[in-house]
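What follows is a short report on a single structure.
Nothing here was measured: the structure is a model prediction, and the numbers come from that model. Labels below follow one simple rule: chain letters A, B, ... track the order of the sequence lines, proteins then strands, and each chain is numbered from 1.
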There are 2 protein chains.
Amino acid sequence: MTKPKEVTIYDLARKLNVSIATVSRALKDDPVVSKKTKKKIFDLAEEMGYRYNHFARNLREQRTYTIGVIVPRLNSYFMSTVIAGIESVANNEGYTLIISQSSEKADKEMASAKTMFNNRVDGMLVSLAYDTEDIAHFDQFIKKNIPLIFFDRVADHPDCTNVLIDNRKGAYEATCHLIAQGCQRIVHITATPKRNVYVDRLAGYKQALADHQIPFDDKYILINNLSQEAGAQAAATILQMNPLPDAIFAANDNCAVGCMIALKKAGLRIPQDIAFAGFNNDPVSTVIEPNLTTINYPGYKMGEMAATSLINHLNGVNSIDSTNTILLRSELIIRASSLRTKSDSE
Amino acid sequence: MTKPKEVTIYDLARKLNVSIATVSRALKDDPVVSKKTKKKIFDLAEEMGYRYNHFARNLREQRTYTIGVIVPRLNSYFMSTVIAGIESVANNEGYTLIISQSSEKADKEMASAKTMFNNRVDGMLVSLAYDTEDIAHFDQFIKKNIPLIFFDRVADHPDCTNVLIDNRKGAYEATCHLIAQGCQRIVHITATPKRNVYVDRLAGYKQALADHQIPFDDKYILINNLSQEAGAQAAATILQMNPLPDAIFAANDNCAVGCMIALKKAGLRIPQDIAFAGFNNDPVSTVIEPNLTTINYPGYKMGEMAATSLINHLNGVNSIDSTNTILLRSELIIRASSLRTKSDSE
DNA sequence: AGCATCAATGTAACCGATTACATTGTTTTT
DNA sequence: AAAAACAATGTAATCGGTTACATTGATGCT
């Protein structure tokens, strides 16, 4: 019933008549220990079911080989893909992940940050919640020289690296594409301007309008939480507009899909009446009819890059702050939801 | 550049001229310490920026307050929902999660199990990979009396609790529903019979046929990995069948959706030509047209239950092995993809 | 042979908490 | 007033590793 006693280096040392220092060195494959002794020790360790005690090491080394990850939510295709990327790198390098989701709430984010701080993570990977206003809850890490990397939903901080895509460019391309399809009254559905991704996408949208001499109109900007339901509600707003917009560019695919479904139900034809573009290349974008034009977004790679950069930092490989921003490539994927060029024939 | 020295209970003790024992006790709010002393200590701890060192405690207590979680993949709606449930409970109870994905591979699962074992998790929550054959890699936990709970993709083990739904019943209901809609040649797309969920769903399907005097036919069982692409490939197989089946019951929604898209492209009408049912109530089931009939599956709750049960175990609340299986309720959600009754009018 | 060099191993302090047991001073009991 | 009971605090061993420094014995060099 009670846990069997753990085997320690003391046990191994005693049995082999060597010192614990030798055992400790052998187990880390220190070249200073002779091959013969190492073999003896490895074999006995195996035989006795020895397992390494991280806590003793951590206590001594003041490191934990643990990385804290805070994301807005786990159950989004994009985020879980990023985490898969992080995990593969971290695992390879012998790091363990502590993952927490903020559920888009600043206070949960703060609580998670505190937990991770108290768990003495060696480094942090963070993507910010919707309603996080200031990032003071991350100062504790900076102060203790614990590296902090933001990805996707980033914050400007002189001591932190950011890994993200060029959201402005992505949005610019999507909007230009809609304009090239003959659209002039383009609604942009986006989320809180607290987050860079939405600010930048809006900026790209505006830039595209400006470059094509289309006046910017405030009323074409709808702000919500980008959920599928929010997309449906946005559809109701859009249906009130007169004249109706001829295109909708949503800041994520989920919201675009919710909106499309509602508009289709209202009898509008896509793309003939309203063209659509989203963002993320979420799997639903190829399920919805017509398939959704979107920006492909390298989630797995983003996770890999963020984790690699952090671990390099921890190993002192990076000249510190050599990189402050890592930009990944994104691409416009054109699908039927925005293709109006052949509609001439109608 | 170097990390500032950490404040320890020794520092607090020295400053206040008390012993470390008193500080230690005060910090855990031990009633044996006087209120006055406690206040002094709390205040100083706050002032000096003291933070608790888990590793020292873990080393001493031989516990880690850490729970290991292994799932097949993180980026599925269902799994990430389960994890959200686990996370909420664990967080509340002061436990930290170490999460790893097996990517449906037995060897990755084994490696993750080893990592977690070496990280001395207090307990494990596991959902098995597709190709895991035997679960010997979990014996190390059992041997050390580390509680192990399987959820969703479970294994029969006398020492482990399982948390899951009644897959057989769910599949039975879905199949009965299809039969009630007049379907007779029902294809079942499922995955490896190594996993209980697929075995049980198949059994439910067979039972439903038997109860309605429909002969079971091997060729109506298609086995793949249930991805969306696999669904599309299954569609090709189905189109070769003569006569065509009149219904398809897929063991998950993703696969059903892939199959539906391909069959629609081939000109079949759903549900008139072929009715469809899936499993999971994934968000795509309400995006695909027609919306997909499916089994709703309480992921969040499953996560909560599994975590609660594990933590109770750890706290010695449960009479050990009092429960060996926890079954959660699931329900059939009928949507347009299977509704053929009004199609009389056609 | 005598000394320096080096490879292999050992000794012991240290990391920061927990806690059984000991000690002190104060209050209650008889 | 002495003894018993108790509240508050202290002492010191312990958890299992890491590593600076010390020691030992063998080899190389002149």
Report task. Using a heavy-atom cut-off of under 4.0 Å over every strand shown, decide if I20(A) touches base, sugar-phosphate, or nothing. Result -> base
Report task. Determine: side-chain N/O of T8(A) to OP1/OP2 of dG16(D), distance under 4.0 Å, yes or no. Result -> no
Query raised in the report: Taking OP1 and OP2 of dT18(C), is either one under 4.0 Å from a side-chain nitrogen or oxygen of Q62(B)?
Result: no
Query raised in the report: Is any side-chain N or O of K28(A) closer than 4.0 Å to OP1 or OP2 of dT19(D)?
Result: yes
Query - dT9(C) OP1/OP2 closer than 4.0 Å to side-chain N/O of S19(A) - result: no
Query raised in the report: So, is S34(B) close to the dA7(D) phosphate, meaning a side-chain N or O under 4.0 Å from OP1 or OP2?
Result: no
Requested in this report: Classify the side chain of R60(B) versus the base of dT14(D) as yes if they form a donor-acceptor pair under 3.5 Å and no if they do not.
Outcome: yes
Report task. Name the nucleic acid region contacted by R51(B), choosing base, sugar-phosphate or nothing; use a 4.0 angstrom heavy-atom cut-off, strictly under. Result -> sugar-phosphate
Query raised in the report: So, is Y50(A) close to the dG17(D) phosphate, meaning a side-chain N or O under 4.0 Å from OP1 or OP2?
Result: yes
Query raised in the report: Can you check whether Y52(B)'s main-chain N or O pairs, donor with acceptor, with R120(A)'s side chain at less than 3.5 Å?
Result: yes
Report task. Looking at every strand, decide which applies to S24(B) at a 4.0 Å heavy-atom threshold: base, sugar-phosphate, or nothing. Result -> base
Query raised in the report: So what is the end-to-end bend of the helix from dA1(C)-dT30(D) to dT30(C)-dA1(D), with 5 pairs used at each end and the value given to 10 degrees?
Result: 40°
Report task. Using a heavy-atom cut-off of under 4.0 Å over every strand shown, decide if N17(A) touches base, sugar-phosphate, or nothing. Result -> sugar-phosphate
Query raised in the report: For T132(B) and K194(B), which heavy atoms make the closest approach, and how far apart are they?
Result: O-CD, 4.0 Å
Report task. Ignoring hydrogens and angles, tell me if any N or O in the side chain of D122(B) forms a donor-acceptor pair with the backbone of R63(B) under 3.5 Å. Result -> no
Query raised in the report: With a non-hydrogen cut-off below 4.0 angstrom, is Y52(B) in contact with a base, only sugar-phosphate, or nothing?
Result: sugar-phosphate
Report task. By nearest nucleotide on DNA chain D, pick out whichever of L59(B) and V23(B) is the more 5' one. Result -> V23(B)
Query raised in the report: Do R25(B) side-chain and dG10(D) base share a donor-acceptor contact under 3.5 Å?
Result: yes
Report task. For R63(A) and dT19(D), give me the distance from atom CZ to atom P, rounded to whole Å. Result -> 11 Å
Query raised in the report: How is D11(B) classified with respect to the nucleic acid when contacts are heavy atoms under 4.0 Å: base, sugar-phosphate, or nothing?
Result: nothing
